[in-house]
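Each chain gets a letter, A, B and so on, in the order the sequences are listed, and its residues count up from 1. Every value quoted in this text rests on a predicted model; they were computed, and no experiment measured them.
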Number of protein chains: 2
Amino acid sequence: MISLAEENYLKSIYHLSQAGSQSVLTNELAEAMNTKAASVTDMIKKLSTKEFISYEKYYGVNLTTKGKVVALSVIRKHRLWETFLVEKLGFSWDEVHEVAEQLEHIQSKRLIEKLDEYLGFPKVDPHGDPIPDTNGKIKALQQVMLASLKPGAASMIVAVKDSDSQLLKYLDKIGARPGKTIKVIEREEYDGSMEVSINNQRFFLSKEVSENILVNA
Amino acid sequence: MISLAEENYLKSIYHLSQAGSQSVLTNELAEAMNTKAASVTDMIKKLSTKEFISYEKYYGVNLTTKGKVVALSVIRKHRLWETFLVEKLGFSWDEVHEVAEQLEHIQSKRLIEKLDEYLGFPKVDPHGDPIPDTNGKIKALQQVMLASLKPGAASMIVAVKDSDSQLLKYLDKIGARPGKTIKVIEREEYDGSMEVSINNQRFFLSKEVSENILVNA
DNA sequence: ATATTATTTTAGACAAGCCTAAAATAATAT
DNA sequence: ATATTATTTTAGGCTTGTCTAAAATAATAT
């Protein structure tokens, strides 16, 4: 059996290894998990013994195939639950993360199959992130940062990187939801900020915000 | 904060104190929780310090008002989730218990409110058990055992005591679901068995089974 | 009234998952 | 090439929730 803590570590390792393409380092993981490096080392040993990760002392960890299966199954559950919360229970976009963090650990194959069916086998969650299938296959989206678009370019928002509640609230307010089309009016080279239009309304976005919005390539 | 284990103990204490009307004894609790008496004593001390229960050494425990609130909130969540699983996801009656045991521990007031609303504020769960309201008020049903009915009497099934999966499967097969009307045709005094009719079909029920079916008084 | 039996509690241990402080190793700067 | 700094690991400890074995208490039978 795999514990809740173990599942969370594997999920974090997966996300971190998607971001940077190196091995995941102890300190990165400690920060992501909101814990101390020493605790991470302890857990790394356990996960390594159980063959969920491969681990070279001082040089970080990588998921094994077995570990990736677990991570993707947790992510699948997380994203299906988020979809449920938004589509069926009427949660807003920015409220679902915390609850889904809990729901993703419910152990029941049947439940997830039924939920998937009930939701009509969605391919992406409310943030636009792809939902892995039963076998852990995940469709890599062709995504680029809004920040990289040139003035005049328009594209569909597919996801938001950060899951910070403040950011999500803000994006929700200005209508920057996945599925929406966003157009770059102008971009200031000196600070990376940009003026964009969504729903025919204009907004100024800071560099930080525009780097957190992902659009179709 | 209250832990998962603590919630489960409080729930068990509540159920046991509903059954027998005495204080709940260490051994009863150990059996219900599938653990050893020594472990129960340990936990009892913790719950007592936190004032969820009152405890007199060697003479068992009782829930305090504070403890009852927690227990009823867990039971409310359990029953709402069971309703969801059956009504929305198409689980059958006898499959929901295990999953609901996990779902009942999700911490999110908002989630439960939304779920309640989504289900149309149900008053009873799929087993016919009453669902406590937000304030922990629970409507005591006027229930009697089917076993106590006299030949010729008919009444509506409101609940099933045991949550043993075998029993639930059997009852499902013969159509003995909450809401159904059941009529006693005959009763054998020497072994307590009875012949009944449900949906105009006749069945023989052993004493054990007829004591597990609760009907409107 | 006392001895036997059943129940409950105490004592001491263990695994999981975390911590702090100190030691070991790697990376970087001179 | 070596010293300094940053990162990671080790060592030892804590809490939660469990266990077994032994001691204490209560219930029951004679």
**Q** Does C:dT10 have its OP1 or OP2 closer than 4.0 Å to a side-chain nitrogen or oxygen of B:Lys57?
**A** yes

**Q** More than 12 heavy atoms of other residues, nucleotides or ligands under 6.0 Å from NZ of A:Lys207: is that the case?
**A** no

**Q** Look at all strands and tell whether B:Ser39 reaches a base, only sugar-phosphate, or nothing, counting heavy atoms closer than 4.0 Å.
**A** base

**Q** Which nucleotide, in any strand shown, forms a Watson-Crick or G-U wobble pair with C:dT28, with both distances under 3.5 Å?
**A** D:dA3

**Q** Of all the nucleotides listed (C:dT10, C:dC19, C:dT8), which has the minimum atom distance to the side chain of B:Thr26?
**A** C:dT8

**Q** In whole angstrom, give the distance that lies between atom OH of A:Tyr58 and atom C1' of D:dT10.
**A** 8 Å

**Q** May I have the distance from B:Asn27 (atom CG) to D:dT25 (atom C1'), rounded to whole angstrom?
**A** 14 Å

**Q** Counting side-chain heavy atoms from C-beta on, which of C:dT9, C:dG17, D:dT10 comes nearest to B:Thr41?
**A** C:dT9

**Q** Just the rounded figure in Å: distance from C1' of C:dA6 to OH of B:Tyr59.
**A** 13 Å

**Q** Between D:dT16 atom C1' and B:Ile44 atom CD1, what is the distance in whole Å?
**A** 16 Å

**Q** Should B:Ser3 be listed as having a side-chain N or O under 4.0 Å from OP1 or OP2 of D:dG17?
**A** yes

**Q** Taking only side-chain N and O atoms of B:Tyr9, does any of them lie within less than 4.0 angstrom of OP1 or OP2 on D:dT16?
**A** no

**Q** Closest nucleotide of DNA chain C for B:Tyr55 versus for A:Ala5: which of these residues is on the 5' side?
**A** B:Tyr55

**Q** Please confirm whether the shortest side-chain N or O distance from A:Lys45 to OP1 or OP2 of D:dT10 is below 4.0 Å.
**A** yes

**Q** Minimum heavy-atom separation for A:Ser92 to A:Glu95, with atom names?
**A** N-OE1, 2.7 Å

**Q** Tell me yes or no: between the side chains of A:Ser23 and A:Asn62, is some donor less than 3.5 Å from an acceptor?
**A** yes

**Q** In the structure shown, which nucleotide is the Watson-Crick or G-U wobble counterpart of C:dT20, with both distances under 3.5 Å?
**A** D:dA11

**Q** Going by an N to O cut-off under 4.0 Å, is there a salt bridge joining B:Asp172 and B:Arg177?
**A** yes

**Q** Which whole-number value in Å describes the distance from B:Leu10 CG to D:dG17 P?
**A** 11 Å

**Q** Calculate the interatomic distance between A:Lys46 atom NZ and D:dT9 atom P; express it in whole Å.
**A** 14 Å

**Q** For the pair made of NZ in B:Lys36 and C1' in D:dA22, what is the distance, rounded to whole Å?
**A** 16 Å

**Q** If pairing requires Watson-Crick or G-U wobble contacts with both distances under 3.5 Å, which nucleotide is the partner of D:dG17?
**A** C:dC14

**Q** Rounded to the nearest angstrom, tell me the gap between atom CD1 in B:Ile2 and atom P in D:dT15.
**A** 20 Å

**Q** For the residue pair B:Tyr118 and B:Phe84, does the interplanar ring angle fall in the parallel (under 30°), tilted (30 to 60°) or perpendicular (over 60°) class?
**A** tilted

**Q** Base, sugar-phosphate, or nothing for A:Ala38, non-hydrogen atoms under 4.0 angstrom?
**A** base

**Q** Would you indicate what A:Asp42 reaches in the nucleic acid, counting non-hydrogen atoms under 4.0 angstrom: base, sugar-phosphate, or nothing?
**A** base

**Q** Check each of A:His78, A:Glu6, A:His105, A:Glu104 against A:Lys11 using the side chain to side chain donor-acceptor pair (under 3.5 Å) test, and report the only one that passes.
**A** A:Glu104

